[in-house]
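Have a look at the structure below before the remarks.
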Amino acid sequence: MELNDIKDALMSNHVPTATLMIGGLLAIIIAYAYLKNSRSAKYKLLMLIGLIFGAFMAVIAFNTYGTTEMALSTSVIMIVAAFTLIIRPFKEIHFAVLIALMVMGVVYILLGGLAGTQVEFLSEGWWRIGIAVVCGVFAYSLLHMIEAIVKMAGKVMNAWPILFILGAVCILEATMVFMGYGSAYEFYRS
């Protein structure tokens, strides 16, 4: 079975519509579990399931984005729901620090490879450490800004009322697509 066969199978038989419906139900269930007990194992398991399903949902959404199989508005709703499900478990992890440390390590190692060249002084001593730290600080500041924007959007989208509404919108959109109306937006415009 080739990649195109898998893609064709996923795009047929109402798989995108079912994915949207399940994503909506999952968002509502996660919002309910959060309200009931945000520290429970059930809630954490639902977040893990949401992460995995959100990644699957993102693949489906990007493959159907703006195609004839699904309206553009439906694909956008799927992408927003997938982002919301994926970002939820990562709200408190600081990726900028981890990536900046990796950048520092990689730059330090790469500068070691300059031994025997005209800029050999960069491959040893304080120059090597200083350049690695400067690269790490630059990476951290850039990534910290991006991380803050993504986390802000994630916190807004993962507030339980918004998550519940997003789940309801996904279910409504999936129902409209399944019934043949194309999307709720198209139904509203007509």
Side-chain angles (χ1 to χ4, degrees), residues 1-35 38 43-96 99 142-190:
M1 190 173 235
E2 292 182 23
L3 185 61
N4 285 335
D5 295 337
I6 294 171
K7 183 179 175 183
D8 291 340
L10 286 177
M11 296 308 126
S12 63
N13 299 326
H14 300 290
V15 171
T17 308
T19 303
L20 185 61
M21 176 73 76
I22 294 168
L25 289 171
L26 193 56
I28 290 172
I29 292 168
I30 289 172
Y32 177 75
Y34 174 80
L35 286 174
S38 64
Y43 171 69
K44 291 177 182 175
L45 177 65
L46 284 170
M47 280 197 327
L48 176 65
I49 293 169
L51 170 69
I52 295 166
F53 193 78
F56 175 73
M57 195 173 185
V59 169
I60 297 295
F62 284 116
N63 280 323
T64 60
Y65 184 77
T67 62
T68 57
E69 292 94 14
M70 193 165 282
L72 182 62
S73 59
T74 306
S75 295
V76 170
I77 290 171
M78 265 180 107
I79 291 168
V80 169
F83 168 77
T84 304
L85 291 173
I86 291 170
I87 197 72
R88 189 167 192 87
F90 300 113
K91 289 190 295 188
E92 302 303 323
I93 296 175
H94 299 286
F95 288 104
I99 295 172
L142 179 67
L143 292 169
H144 185 66
M145 183 184 78
I146 294 169
E147 179 183 89
I149 292 168
V150 169
K151 283 187 178 183
M152 181 184 70
K155 284 188 182 213
V156 168
M157 297 303 293
N158 276 302
W160 71 266
I162 294 176
L163 186 62
F164 185 82
I165 292 168
L166 181 63
V169 167
C170 287
I171 292 170
L172 172 68
E173 187 74 16
T175 303
M176 297 300 270
V177 170
F178 184 71
M179 292 174 65
Y181 293 112
S183 75
Y185 177 72
E186 291 174 6
F187 180 76
Y188 175 74
R189 284 186 51 195
S190 61

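Keep in mind that this is a model prediction, so the values were computed, not measured.
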Can you tell me how far the [atom1] atom of [X] sits from the [atom2] atom of [Y], to the nearest 0.5 Å?
X: Ile162; Y: Asn158; atom1: CD1; atom2: CG; value: 9.5 Å
X: Ile29; Y: Ile22; atom1: CD1; atom2: CD1; value: 10.5 Å
X: Lys44; Y: Leu48; atom1: NZ; atom2: CG; value: 12.0 Å
X: Ile86; Y: Met47; atom1: CD1; atom2: CE; value: 14.0 Å
X: Phe53; Y: Ile60; atom1: CZ; atom2: CD1; value: 8.5 Å
X: Leu26; Y: Met57; atom1: CG; atom2: CE; value: 9.0 Å

| query | Does CZ belonging to Phe83 count more than 12 external heavy atoms closer than 6.0 Å? | reply |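 Check passes, neighbour count above 12.
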| task | Please lay out, stage by stage, how Phe95 and His144 fare under the test side chain to side chain contact (heavy atoms under 4.5 Å, CB included). | result | CA-CA 8 Å; Phe95 288 104; His144 185 66; over 6 Å; no
| message | Is the shortest side-chain heavy-atom distance between Tyr32 and Trp160 below 4.5 Å? | response |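 A side-chain contact under 4.5 Å is absent here.
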To check you understand the geometry: which heavy-atom pair defines the closest contact between [X] and [Y], and what is its length?
X: Ala61; Y: Met78; result: CB-CB, 3.7 Å
X: Ile30; Y: Leu46; result: CD1-O, 3.6 Å
X: Lys151; Y: Phe90; result: CE-O, 3.9 Å
X: Leu51; Y: Pro89; result: CB-CG, 4.1 Å

With a 3.5 Å cut-off and sequence neighbours excluded, list the donor-acceptor pairs that the side chains of residues 167-179 form with protein atoms.
residue, atom, partner, partner atom, Å
Glu173, OE1, Ala184, N, 3.2
Glu173, OE2, Thr74, OG1, 2.5
Thr175, OG1, Ile171, O, 2.8

